[in-house]
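Reading through the structure tokens given below for one structure.
Residue indices begin at 1 and follow the sequence shown. Computed over heavy atoms, backbone and side chain alike; hydrogens, waters and symmetry mates excluded.
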Amino acid sequence: MLEIELKNLSLGFGDRTLFSDADLSIYTGDRVGLIGANGCGKTTLLRAIKGPDRPSGVFTAQNLRIGYLEQQLGDTLHGTVLEAASEACSELFAMESELERLGVSMASAAPEELDGIGEKYNRLRTEFERRGGYGVNSRILGVLRGIGLGDEFFRRDTSALSGGEKARLAIARLLLSDYDVLLLDEPTNHLDLRASQWLTDYLCGIKTTVLVVSHDRYLLDRLCGSIAEISAGKMICYKGNYTQFRAKRDEQNRLLSKQYEQQQQEIKRQQEIIKQYRAFNREKSIRAAESREKALARMELVDAPERTETMRLEFAPAPRTGSEVLRCSALSVGFGQKVLLRPTELLLLSGRRVCLVGDNGCGKTTFLRSLLGRQEHGGAVKWGANAVIGYYDQHHGELDGNNTVLDEIWRGNRKLTQTQVRSAAAAMLFTGEDVFKRVDTLSGGEKARTALCRLAVSGCNILLMDEPTNHLDMASREVLEQALSEFEGTVICVSHDRYFINRIAHEVWELKNGCLSRFDGNYDDYLAAVAPKEEGSQEQQINKTAQAKKRAADRAQREADKAARARRDRLEKDIEELEGVAAGLEELFSGSEIYGDTALLLEKQQEYREVKERLDGLYEQWMEMQQE
């Protein structure tokens, strides 16, 4: 059933248009990711769909129950955490009370009343069972524990919760409320890794329709079957998850750029031919020139592709280290009586990329600082030969707020010339007067780019990084991931970004209950290794049958994607060959010799038209393939 439809929708504030002519259809059970730069209109769109005052162009099914999770939460919670969560299931509790009342009535009812009361009781009990009423209490506890509000929170008053804890409670209430559609605005913003994974699994396991705004690429990959991107005032929808969206969008942009460049070359060529015809200054050549001018005027122009500036990051060459980069003997970390890490032996080899994960407060940052010698610890930490260590602090404590961006980058490597420093700054999107901004006036994203740039020019061969993706947009995160993948040194990185961990990690270290456990592979490999140990710890965990079906579906999808890629590769090879033929003919036309042989000219023009027609057909096939 069609639940939400956008038709020629335009949204804006005053004279400013956020986007226009947007079309989107969301059916029962769909999971759609909504992405785009900050300020493009994502949150505004969610609010427009939620209503109650919907603009023209937004249509929803009748009696559709829509739940909305806002980024900025109002202070509307009351009572204890358990009471506030239970309030979301008030309809079920009311039904339960009514069932009890009807049961008592049946026990004392006169014979002539019994059938009527019994029929009402059975009808209500069927609905109660359908909505999971008999398991409502365990469901409430399971959702609270899964989202990170364990037993110790149940009796805590909601007024005593932090902002992040209130956000978790709001998510729990939304999940418990049995809505038809969930509108989620950055749902993992206030969640640690464990809670983010629980929420991802939960959303994948329910049948509710979901429209989610998120920078959490792992969530978008696991949950979403389509992605809607708002960019340059337009909304474009793609089938597939986030990774598939990226591949399709990048390939489409590449093809459109090539089409634009080829059309511009063709326009220039035609203009040169027109110029030559007019130079002949004969009646026939003038008519030919006018005919070509009319053809140019009728030509449907390909729009120049939008150029989105993204940072460029490349780590400077660094001296090689020995094969053993780090060796720790009986390393222990703690504060007073609180033990964060019990005595541990560690050996890390050169070139490995490690991601350190664990619950908030388990000691990940403290562990990094212990390795740097900035935190008291027990045992010994020994770095290998030629170790040059660079540190990225998530709070940017390494930056001097009184320095300019230029001076701060220069601090990373005093041997650089001013031209080299300015080039490095420009690659990180600091141009013109931006390089003279004081660091303490920068936004979080600008500070992140400054810190990364300083590390990149420093020539370090070991990177210790604490949440480096926190203040970066999606495009910048992908640039960082590519740079780290190409970095020949060693990386130890604290991160809760699951997509980031999947892309860069050779191994995952988990800090939990004072113990450090090591897992080979990326985040998915780590998850597969720890999942059996945690099976049964979450009441709402996806059952094994659903998991098996999903694995089979994933395998089938991978095979289909592989076949589609093969078809696309063959098609692109044919396009490339024909483009080469067309380019050769265009080069022939650009010379003057061809125009002295009329027969050859006509033959080559006919050949060129045929090549262009075949190319147009192949382009159409390629575009259709991108919509599959």
Side-chain angles (χ1 to χ4, degrees), residues 1-74 76 88 91 167 170-171 173-189 199 203-204 206-216 219-220 223-242 244-245 248-249 306 474 627:
M1 183 179 79
L2 182 61
E3 293 188 334
I4 298 171
E5 184 177 25
L6 311 182
K7 201 164 186 178
N8 298 324
L9 175 65
S10 298
L11 288 180
F13 294 109
D15 295 334
R16 184 192 171 204
T17 299
L18 293 170
F19 58 84
S20 58
D21 301 322
D23 293 317
L24 179 65
S25 298
I26 301 177
Y27 292 85
T28 302
D30 282 353
R31 282 82 187 285
V32 180
L34 182 60
I35 65 173
N38 291 340
C40 70
K42 303 185 296 294
T43 296
T44 304
L45 176 57
L46 292 190
R47 289 173 179 165
I49 294 172
K50 176 64 175 74
D53 299 320
R54 297 190 179 99
S56 58
V58 177
F59 307 93
T60 63
Q62 193 171 9
N63 300 322
L64 192 70
R65 300 177 69 245
I66 299 176
Y68 176 38
L69 177 72
E70 300 183 73
Q71 278 197 70
Q72 305 298 327
L73 301 171
T76 58
E91 288 184 16
I171 294 172
R173 284 164 54 90
L174 198 70
L175 298 179
L176 291 166
S177 295
D178 198 25
Y179 288 110
D180 301 313
V181 175
L182 295 178
L183 307 179
L184 306 176
D185 199 349
E186 298 293 357
T188 59
N189 263 8
L199 179 61
L203 291 173
C204 289
I206 61 177
K207 297 180 180 179
T208 311
T209 305
V210 177
L211 175 60
V212 56
V213 171
S214 183
H215 287 83
D216 186 337
L219 174 69
L220 296 174
L223 178 66
C224 296
S226 58
I227 301 292
E229 182 187 34
I230 300 175
S231 178
K234 298 292 181 183
M235 178 188 289
I236 303 177
C237 301
Y238 300 81
K239 288 184 179 179
N241 63 13
Y242 177 77
Q244 293 163 339
F245 147 75
K248 289 180 180 180
R249 180 199 59 189
E306 291 288 333
M474 285 181 170
Q627 301 303 319

Taking the side chain as every heavy atom from C-beta outward, state whether [X] and [Y] have any pair of such atoms under 4.5 Å apart.
{"X": "Arg65", "Y": "Asp180", "result": "yes"}
{"X": "Leu34", "Y": "Leu211", "result": "yes"}
{"X": "Tyr238", "Y": "Gln244", "result": "no"}
{"X": "Asp216", "Y": "Leu220", "result": "no"}

Taking atom [atom1] of [X] and atom [atom2] of [Y], what is their separation to the nearest 0.5 Å?
{"X": "Ile35", "Y": "Arg249", "atom1": "CD1", "atom2": "CZ", "answer": "6.5 Å"}
{"X": "Thr60", "Y": "Ile49", "atom1": "OG1", "atom2": "CD1", "answer": "9.5 Å"}
{"X": "Leu9", "Y": "Arg54", "atom1": "CG", "atom2": "CZ", "answer": "12.5 Å"}
{"X": "Ile4", "Y": "Leu183", "atom1": "CD1", "atom2": "CG", "answer": "5.5 Å"}
{"X": "Leu184", "Y": "Tyr68", "atom1": "CG", "atom2": "OH", "answer": "10.0 Å"}
{"X": "Leu219", "Y": "Leu199", "atom1": "CG", "atom2": "CG", "answer": "6.5 Å"}

Ignoring hydrogens and geometry, is there a side-chain-to-backbone donor-acceptor pair from [X] to [Y] under 3.5 Å?
{"X": "Ser177", "Y": "Tyr179", "value": "no"}
{"X": "Lys248", "Y": "Lys239", "value": "yes"}
{"X": "Lys42", "Y": "Gly36", "value": "yes"}
{"X": "Asn241", "Y": "Cys224", "value": "no"}

Open item on the list: Give me the atom names and distance for the closest heavy-atom approach of Leu11 to Pro55.
Closed with: CD2-CG, 3.9 Å
Identify each donor-acceptor pair in which a side-chain atom of residues 15-33 lies under 3.5 Å from a protein atom, sequence neighbours left out, and give them as a table.
unit_1	atom_1	unit_2	atom_2	d
Arg16	NH2	Gly39	O	3.0
Ser20	OG	Lys234	NZ	3.4
Asp23	OD1	Asn8	N	2.7
Thr28	OG1	Met1	O	3.2
Thr28	OG1	Glu3	OE2	3.1
Asp30	OD2	Tyr27	N	2.8
Arg31	NE	Gly29	O	3.2
Arg31	NE	Thr208	O	3.3
Arg31	NH1	Leu203	O	3.2
Arg31	NH2	Leu203	O	3.2
Arg31	NH2	Ile206	O	2.1
Arg31	NH2	Thr208	O	3.4

